[in-house]
Every structure is written in C-alpha cells, then in structure tokens.
Amino acid sequence: MSDPNVNRQWLLANRPPGWPSESDFELVETPVPEPAEGQFLVRNLWVSVDPYMRGRMRDVKSYVPPTALGAVMGGESVARVTASRHPDYAEGEIVVGPFAWQDYALSDGQGARKVDPKLAPISTAVGALGMPGMTAYFGLLDVCGPKEGETVLVSGAAGAVGSLVGQIAKIKGCRAVGIAGSQQKVDWITGELGFDAAFNYKTVAAEDYSDAIGELCPDGVDCYFDNVGGPISDAVFPRYNVHGRMAICGQISLYNDEDQQPAPRPYWFILRQQLTVRGFLVFQFLKRYPEGLREMAQWIGEGSIKFRETVAEGLENTPAAFIGMMRGENIGKQLVRVAPQ
Ligand code: NAP
Ligand code: FER
C-alpha cells in the first residue's frame, strides 16, 4: 500500500527520438493536494496507458499540447472521489477523467464523467466503455459504414480498439478478419471473439502480407480499419473491392520509428477502386458518446461483445506497462491497477 499522505507522480524526463525507455520518466513524491472550492480530490484506481501518449512525449503540435518536460504524464484514469468541494461530485463516487499518471488528482470536473459501477466493471470506463470503445464504435460504424455480408479487415486486431472492431463487425453481419502479432492473439480473436479468420503478421514476410490478406479475404476487402499503418496497411491496397473504405485510426508502427521507409503511393488503387480513405479522431464524435456508450453497454450486457484486460500492478510499473503495450505485450486493453477497488 502506498502512503495515503504522499502523491507519487510520473514526470516526463526526456523526449526520446525513438523507442522510449523507463529512464525517460521520473517518479517523484509530492504531498496529496487539498481541493479548493469547486474542486474534488480523486484517488486513481485504474490508470490507462494508450498509444497516443507517445505523441504527447514529442514537442509537436497536436490535438492536445505536448506534455512539458518535468510535468506529470497526462492520461485518463478511473478513480474514486475521496474529498469534494464540488456540488456535482460526492465522496465515494467513481469517476473517469484526465487524472494522469499519479496516485491522486485534483479536478474541477473538466473532462470528467461519472461511472456507473452497476453497468460493468469500472475499469471498462477507459476501455470498452470509454475512449477505445468509442473509437471502435464510431470508427467502424460511422467512418467505414460496413454493410451486411461485407468483409471487414482490422489490424491491431487483439488490442483494445481492434478486438472490439471485429466483434462489432460480426454483430453487423460482416466477415471479420484480423491481423495481430502472436499466435495467442490469433487464437483468442478467432476462438473466443468470433473473428472468421486472422493471421500473425510476425510469421509472414512483409512482401507476403498481401497474399496472406488475399487468402483470408477471398471476396476482397470492403472495409479496412487501420490501427497500425506501415507495411501492413500498404499491403491492403491491392485487396480492396470497388467502393472500399479505409478508416485510418492509428499508425502505431510509426510512433517509435526514427527512420521510416519511404511510403508507397496508393493513389492509383484509390482511383481504380474508387476508395474512400478517411482519417478520424474519436473526439470528433464526443457529442454522440451517449449513443455509443449505450449500445456498447447493451452488447456487453447481453454477451455479444467480450473484452479482455492486461493488468500491470502498481503505479511504479506505469512506464513499463506503456512501453510493453507498444511492444505488443498486451492482449485487449492495457491497464495499471494503482489501488484496490
Ligand atoms: P492496442 O492495440 O491495445 O495496443 C497497441 C498494439 O499495437 C500492440 O499490442 C501491438 O500488437 C500493436 N503494434 C505495435 N507495434 C506494431 C507494429 N509495428 N505493427 C503492427 N502492430 C503493432 O492499442 P489501442 O489503444 O487499441 O490503439 C490501437 C490504435 O488505435 C493505435 O494506433 C492508436 O494510436 C489508435 N487510436 C486512435 C484513436 C483515434 O481517435 N483516432 C483513438 C484510440 C486509439 P501486436 O502484438 O498485434 O503487434
Ligand atoms: C491516438 C493517436 C493519435 C489518439 C489520438 C491521436 C486518442 C491524435 C493525434 C494528433 O492529434 O496529433 O491513438 O487517440
């Protein structure tokens, strides 16, 4: 157990150009702050580590400003209110919000919402019933627009977002095909999640990705939900059907890559097959979250969507969990359990 009077915080110590290491973060101890009028204090229970955090470590303009050197690493957590001087939040309530890589956080409610512990395990508020879930839901249904009988291909298929994308595709009557980085992941998504087919890209040479995709998608690819970019996504272009759609969700294969290969030019495929290629950020759907959360909660409740979590124990292991997630050590959503529920 951590000292209830100490707030441990992970600061960003360096901006590494390529793969980060644990020494790029620094753990410090500060006093637990007290809420001012209009604020509440939370105890973090589940800290989420997500690929977008790699972007915040760089000094580049983005949808959120980069984390300053020496500042606490930002991120969302599921937490319990431990003291409140805010009219809408009471002690003991479970909330999710931008509470960062630390034991305790102050909040004025900005970016926070309450979590109903009766709906599902509270950790899902940063998973299937949180940002990754909304990414899968709106990215697939709105950006790709899959129709019954179509083939949906998803990369990063055993991760937080990808594992949900394939299951939503199945609910919509599509053929769901996944690309993931281990046999265990392939077995999980085909055996337990209902994906129709999948392959382990680490056992296939990059020049053979396109053949592997062709074999598993004999009727071609109608929708490709791209979580990874790089050579996997390049290999999909020759496989699209006419009016195929590509939802560009993430490019994780590039996030730590200092010397990226020159990209091929897919324009000719885009023209010939009359493709729609669309990048999206989940936040563009913020106003529609209630709709997405309602439907995802219903699917989870009736068992048509399953979720899985990989849990690292203790705030001290947050950087290791973050780096491990980018290396593919997670199955489903990577979380850090910071305090017992
Ligand atoms: P995740 O898939 O749970 O974890 C990341 C996974 O990426 C790893 O487990 C690893 O699995 C895979 N990976 C790492 N390097 C790779 C490479 N070189 N080639 C192929 N796969 C690689 O993470 P997530 O939270 O669900 O996020 C998935 C993607 O969605 C990320 O790109 C993220 O940035 C993006 N995203 C975008 C939005 C948005 O608003 N647009 C929102 C949320 C997430 P393997 O073992 O399969 O390699
Ligand atoms: C993500 C990758 C990138 C993500 C957001 C972004 C919320 C946005 C990047 C930018 O605005 O530069 O996984 O998740």
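Along the sequence shown, residues are numbered consecutively beginning with 1. All values derive from a computational prediction rather than experimental measurement.
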## Note on the structure
Of all heavy-atom pairs linking Gly178 and Ala157, the shortest is CA-CB, 3.6 Å
## Note on the structure
One should read off an interatomic distance between Leu41 CG and Arg85 CZ, to the nearest 0.5 angstrom, of 12.0 Å
### Task
Start with the C-alpha distance between Trp188 and Ile331, add both sets of side-chain angles, then the distance that settles side chain to side chain contact (heavy atoms under 4.5 Å, CB included), and finish with yes or no.
CA-CA 9 Å; Trp188 176 56; Ile331 302 188; 3.5 Å; yes
### Message
For the CD atom of Glu215 and the CG atom of Asp211, what is their distance to the nearest 0.5 Å?
### Response
7.0 Å
### Task
Tell me whether Val95 is reachable from Val336 by hopping between hydrophobic residues (I, L, V, M, F, W, Y) whose side-chain heavy atoms are closer than 4.5 Å.
no
### Query
Would you find more than 12 non-hydrogen atoms of other residues, nucleotides or ligands less than 6.0 Å from Gln110 atom CD?
no
### Task
Could you tell me whether the side chains of Tyr52 and Asp50 share a donor-acceptor contact shorter than 3.5 Å?
no
### Message
Quick test of your reading: applying side-chain hydrogen bond (donor to acceptor under 3.5 Å, both in side chains), list the pairs with at least one residue in residues 123-136, sequence neighbours left out, ordered by first then second residue.
### Response
Ser123-Glu309
### Query
Ignoring hydrogens and geometry, is there a side-chain-to-backbone donor-acceptor pair from Gln39 to Ser84 under 3.5 Å?
no
### Smallest separation among heavy atoms of Thr82 and Arg43, with atom names
CG2-CB, 3.7 Å
### Message
Working to the nearest 0.5 angstrom, can you tell me the gap between Asn256 CG and Arg327 CZ?
### Response
8.0 Å
### Message
Checking Glu329 against Ile323 for the side chain to side chain contact (heavy atoms under 4.5 Å, CB included) test, could you report, in this order, the C-alpha distance in whole Å, the side-chain angles of both residues, the deciding distance, and whether it holds?
### Response
CA-CA 9 Å; Glu329 286 162 19; Ile323 295 165; over 6 Å; no
### Message
Rounded to the nearest 0.5 Å, what separates atom CZ in Phe225 from atom CE in Met246?
### Response
11.0 Å
### Message
Whether the side chain of Arg239 engages the backbone of Gly220 through a donor-acceptor N/O pair (distance < 3.5 Å, no angle test) should be reported.
### Response
no
### Task
Evaluate the side chain to side chain contact (heavy atoms under 4.5 Å, CB included) criterion for residues Ser163 and Leu193: first the C-alpha distance (whole Å), next the side-chain angles of each, then the deciding distance (0.1 Å), finally the verdict.
CA-CA 8 Å; Ser163 60; Leu193 300 190; 3.8 Å; yes
### Query
Do the side chains of Val277 and Tyr224 join up, straight or via other hydrophobic residues, at under 4.5 Å, putting them in one cluster?
yes
### Task
Inspect the contact between Arg288 and Asp142 and indicate whether a charged nitrogen and a carboxylate oxygen are less than 4.0 angstrom apart.
yes
### Message
Does Val143 form a side chain to side chain contact (heavy atoms under 4.5 Å, CB included) with Phe285? I'd like the steps, not just the answer.
### Response
CA-CA 11 Å; Val143 180; Phe285 299 104; 4.0 Å; yes
#### Entry: Test item: side-chain donor near acceptor, Asn317 and Glu313, under 3.5 Å
no
### Message
If you define the side chain from C-beta out and look only at heavy atoms, does anything of Asn227 sit under 4.5 Å from Ile252?
### Response
no
### Task
Report yes if some heavy atom in the side chain of Leu164 is under 4.5 Å from a heavy atom in the side chain of Met296; otherwise report no.
yes
### Test item: Lys333 side-chain N/O and Ala128 main-chain N/O as donor-acceptor pair under 3.5 Å
no
### Query
Run the side chain to side chain donor-acceptor pair (under 3.5 Å) check on Asp226 and Ser233 step by step: do they pass?
CA-CA 7 Å; Asp226 182 17; Ser233 298; 2.7 Å; yes
### Query
Is a side-chain N or O of Glu295 found less than 3.5 angstrom from the main chain of Gly292, in a donor-acceptor match?
no
### Query
Hey, quick one: are Leu335 and Met53 part of the same hydrophobic cluster, counting side-chain heavy atoms closer than 4.5 Å, chains of contacts allowed?
no
### Message
Between Ser210 (side chain only) and Ala235 (backbone N and O only), is there a donor and an acceptor less than 3.5 Å apart?
### Response
yes
### Query
Do the charged groups of Glu76 and Arg113 touch, with an N to O distance under 4.0 Å?
no
### Query
Checking Gln334 side chain against Val49 main chain: does a donor-acceptor pair fall under 3.5 Å?
no
### Message
Is a donor from one side chain sitting under 3.5 angstrom from an acceptor on the other, for Asn200 and Ser182?
### Response
no
### Query
Below 4.5 Å, heavy atoms only, C-beta onward: do Leu69 and Arg15 meet side chain to side chain?
yes
### Message
Strictly distance-based, threshold 3.5 Å: is any side-chain N or O of Ser155 a donor or acceptor partner for the main-chain N or O of Ile179?
### Response
no
### Message
Would you say that Asp196 contacts Thr190 through its side chain, given a criterion of any heavy-atom pair below 4.5 Å between the two side chains?
### Response
no
## Note on the structure
The single option from Val152, Asn241, Ile213, Leu216 that satisfies side-chain contact (heavy atoms from CB on, under 4.5 Å) with Val221 is Ile213
### Query
Between Arg294 and Glu291, is a salt bridge (Lys or Arg N to Asp or Glu O under 4.0 Å) present by the stated rule, with each step listed?
CA-CA 5 Å; Arg294 201 182 319 113; Glu291 164 197 339; over 6 Å; no
### Task
Using a strict cut-off of less than 4.0 Å between a Lys/Arg side-chain nitrogen and an Asp/Glu carboxylate oxygen, indicate whether Lys306 and Glu192 qualify as a salt bridge.
no
### Query
More than 12 heavy atoms of other residues, nucleotides or ligands under 6.0 Å from CD of Gln260: is that the case?
yes
### Tyr201 OH to Tyr209 OH distance, which is reported to the nearest 0.5 Å
7.0 Å
#### Entry: Phe199 vs Val186 side-chain heavy atoms within contact, under 4.5 Å
no
### Query
Should Val161 and Trp46 be regarded as members of a common hydrophobic cluster, given that ILVMFWY residues are connected when their side-chain heavy atoms come within less than 4.5 Å of each other, either directly or indirectly?
no
### Summary
Minimal heavy-atom distance between Leu12 and Ala68, with the atoms involved, is CB-O, 4.1 Å
### Task
Might you point out which heavy atoms bring Val126 and Ser48 nearest each other, and give the distance in Å?
CB-CB, 3.8 Å
### Task
Check whether Val154 and Tyr137 end up in the same hydrophobic cluster, where Ile, Leu, Val, Met, Phe, Trp and Tyr are linked by side-chain heavy atoms less than 4.5 Å apart.
yes
### Query
Are more than 12 heavy atoms from other residues, nucleotides or ligands located less than 6.0 Å from atom CZ of Phe283?
yes
### Task
Examine distances only and state if a side-chain atom of Arg245 and a backbone atom of Arg278 form a donor-acceptor pair shorter than 3.5 Å.
no
### Message
Consider side chain to side chain donor-acceptor pair (under 3.5 Å). Of Gln184, Gln183, Lys185, which one does Asp187 pass it with?
### Response
Gln183
### Task
Run the ring-centre check on Trp101 versus Phe322 and record whether the distance is less than 6.0 Å.
yes
### Query
If every non-hydrogen atom of Tyr255 is compared with every non-hydrogen atom of Gly250, which pair is closest and at what distance?
OH-CA, 3.5 Å
### Query
Does Gln274 use its side chain to pair, donor to acceptor, with the backbone of Ile270 at less than 3.5 Å?
no
### Residue list, side-chain contact (heavy atoms from CB on, under 4.5 Å) with Arg8, at least two apart or on another chain
Ser2, Val6, Leu27, Glu29, Asp103, Leu315, Glu316
### Message
Please tell me whether Tyr89 and Ser107 have a donor and an acceptor in their side chains that are separated by less than 3.5 angstrom.
### Response
no
### Query
If you look at every heavy atom in Phe99 and Ala79, which pair is closest and at what distance?
CD1-CB, 3.8 Å
### Query
Between atom CZ of Phe195 and atom NZ of Lys170, what is the distance when rounded to the nearest 0.5 Å?
10.0 Å
### Query
Side chains of Trp268 and Arg265: does their closest heavy-atom pair fall under 4.5 Å?
no
#### Entry: Trp19 versus Glu258, side-chain donor and acceptor atoms under 3.5 Å
no
### Query
Would you find a donor on one side and an acceptor on the other, under 3.5 Å apart, between the side chain of Asn44 and the backbone of Ala100?
yes
